[in-house]
Amino acid sequence: MSNDYVIPKHIGIIMDGNGRWAKKRGLPRINGHKEGMLVLKKTVETCKNLGVDFLTVYAFSTENWKRPKIEVSFLLNLLKYYIRSELDYLKKNKVALKFIGSRIGLDKKIISMMSVIEKETSDGTEMVFSIAFNYGGRMEITDGVKKIAQMVEDKELLPEDIDEELISNQLYTKNMPDPDLIIRTSGEFRTSNFLLWQSAYSEYYISDVLWPDFTEEVLIDALKVFSARNRRFGGV
Ligand code: IPE
Ligand code: IPE
Ligand code: MG
C-alpha cells in the first residue's frame, strides 16, 4: 500500500492549548497538562511507527517561568513523572531521548534524571526524540554567540572564520538536521521562540485542535499538507 504523503525526516511540534482544553471542561489548567503528557506519549509512538527520524517537541519555554508558581511546579513534576514512566518504552523501542534547552534554573534532581535517561537511551537507533524544556531560541543563539566570542578571545578562531556551520554547531541541536515540518496546535500563528535558527526553511502547519485533542489523524493531515507543499529554499 502506498501512502499519499511523505514522512519528513525531522518534525517539530509546538504543543499548545492545554490550558484552554481544561478551561473548556471547567477543569484546572494542570488537568490539561496531564492530558497533554498522555497525548505526547502516543505521538512519540506514532512518529516512531511512521518512521520519523527526528521528533522535537516544545514542552516548556524560557518564558513559561512567568506562569503562576503552582503551574510551573506542576510542569516540572510532570516532566519527572514522564521520565520515570517512559524509560522502559524508550529503551525497548530504541528511541534516543535528548533534552534541548538550558539546565540553568532547574533543580539538581531533574537535571540528574535528564542526564540518566539521555545516557540510558543514547544507543537508540530508531528515532531521536528531543524535548525542548527550559528552551528559548534566543537564549540558545545568545549562548552560542558567547562560546564563539570566547573562542575568538582565546585566539582559537578568527572573526572571518565564523560561518553558518560554526554557529549551528554551537546550538543544542548540533548534529541534527533542521526541522522539515513544524506543527503548532491551538490555532496560534507564532513561533514563541521555538527553534528560531533551525526553522529558517521549515514548513509550518497550524492546527486548531488543542494539544490534548491531538490524534494520529491530525498528524496525518499535517503530513498530507506538507507533502503537497513546494519547498523552494530560495530557488525557483
Ligand atoms: C501548552 O499549553 C503547554 C505549555 C506551554 C507548557 P498552554 O498551557 O500554553 O495552554 P494555553 O495556550 O493556555 O491554552
Ligand atoms: C509555547 O506556548 C511554548 C510551549 C508550547 C512549551 P505558549 O503558550 O507559552 O506561547 P504563547 O505565550 O502563546 O506565545
Ligand atoms: Mg499556550
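In each ligand, atom 1 is the first atom listed, and ligand 1 is the first ligand listed.
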Among D53, T56, T173, D178, whose side chain to side chain donor-acceptor pair (under 3.5 Å) with H10 holds?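 The option that passes is T56.
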With distance as the sole criterion, is a donor-acceptor pair present between the side chains of [X] and [Y] under 3.5 Å?
X: R20; Y: S186; answer: yes
X: N193; Y: E63; answer: yes
X: E35; Y: N31; answer: no

Taking 4.0 angstrom as the limit and counting only heavy atoms of H33, give me the atoms of ligand 1 inside it, by number and element.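 In order of numbering, the contacting atoms are 3 (C), 8 (O).
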Would you say the Mg ion (ligand 3) has E188 as a near neighbour, meaning an N/O/S atom of that residue under 2.8 Å away?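 For E188, the answer is no, given that no N, O or S atom comes within less than 2.8 Å of the Mg ion (ligand 3).
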Could you give the distance from OG1 (T46) to CD (E216), rounded to the nearest 0.5 Å?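 One gets 4.5 Å once the value is rounded to the nearest 0.5 Å.
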Determine, stepwise, if the pair F99 / F133 fulfils ring-ring contact (aromatic ring centres under 6.0 Å, His included). CA-CA 7 Å; F99 288 96; F133 200 93; 7.2 Å; no
More than 12 non-hydrogen atoms from neighbouring residues, nucleotides or ligands closer than 6.0 Å to CG on L158, yes or no?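 For L158, atom CG is crowded (more than 12 foreign heavy atoms under 6.0 Å).
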So which of the N, O or S atoms of D16 lies nearest the Mg ion (ligand 3)?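 The closest N, O or S atom of D16 to the Mg ion (ligand 3) is OD1.
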Give a table of atom pairs where an N or O of ligand 2 lies under 3.5 Å from a protein N or O.
residue, atom, partner, partner atom, Å
ligand 2, 8 (O), D16, OD1, 3.2
ligand 2, 8 (O), R67, NH2, 3.3
ligand 2, 9 (O), N64, ND2, 2.9
ligand 2, 9 (O), R67, NH2, 3.4
ligand 2, 10 (O), R184, NH2, 3.4
ligand 2, 10 (O), S192, OG, 3.3
ligand 2, 13 (O), R190, NH2, 2.8
ligand 2, 14 (O), R190, NE, 2.8
ligand 2, 14 (O), S192, OG, 2.6

Does W65 have R67 sitting over its ring (NZ/CZ under 6.0 Å from centre, angle to axis within 45°)?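 Judged by the rule (NZ or CZ under 6.0 Å from the ring centre, within 45° of its axis), R67 is not positioned above W65.
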Does even one non-hydrogen atom of R29 get within less than 4.0 Å of ligand 1?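 It does; at least one heavy atom falls under 4.0 Å.
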